Amino acid sequence: MAELKLGKLPDRTPVKLTISLLPDLHEALTDYAALYAQAYGRDEPITELVPAILSAFLEGDRAFCRARASGK
């Protein structure tokens, strides 16, 4: 079998997660969504923004990335 430059794609089946937020965090996310709409001219629901926010946070946490890369 030929070895392709593009490896096998990972599982992309979405996982639904239900969380409860404190009112101040919900307010902050609502404010963020409004600022996002102002910056990009496109309204996005909080439920669409939160996964991107979490991904950006995790990708920006150097200690987490190092630990994850080392398998710890």
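Below, each value reflects all heavy atoms present in this structure, side chains not excepted, and no hydrogens, waters or symmetry copies. Sequential numbering from 1 along the given sequence is applied to the chain's residues. All values reported here derive from a predicted model rather than from experimental measurement.
Atom CG of Asp43 is separated from atom CD of Gln38 by 11.0 Å, given to the nearest 0.5 angstrom. Atom CD of residue Glu27 and atom CG of residue Leu21 lie 12.5 Å apart, to the nearest 0.5 angstrom. Atoms CD1 and CD, on Ile53 and Glu48 in that order, are 11.5 Å from each other to the nearest 0.5 Å.
A 4.5 Å side-chain heavy-atom check between Leu29 and Leu49 finds every atom pair outside the cut-off.
Hydrophobic clustering (ILVMFWY, side-chain heavy atoms < 4.5 Å, transitive): Leu9 and Leu4 are in distinct clusters. Note on Leu25 and Leu17: same hydrophobic cluster, where clusters join Ile, Leu, Val, Met, Phe, Trp and Tyr whose side-chain heavy atoms are under 4.5 Å apart, directly or indirectly. Residues Leu35 and Tyr40 do not share a hydrophobic cluster, clusters being chains of Ile/Leu/Val/Met/Phe/Trp/Tyr side chains in contact below 4.5 Å.
Atom CG of Asp61 has more than 12 neighbouring heavy atoms from other residues, nucleotides or ligands inside a 6.0 Å radius.
Nearest heavy-atom pair, Phe64 versus Leu58, reported as atom, atom and distance to 0.1 Å: CD2-O, 3.7 Å. Nearest heavy atom pair, residue Glu44 against residue Tyr36, reads CG-CE2, 3.5 Å.
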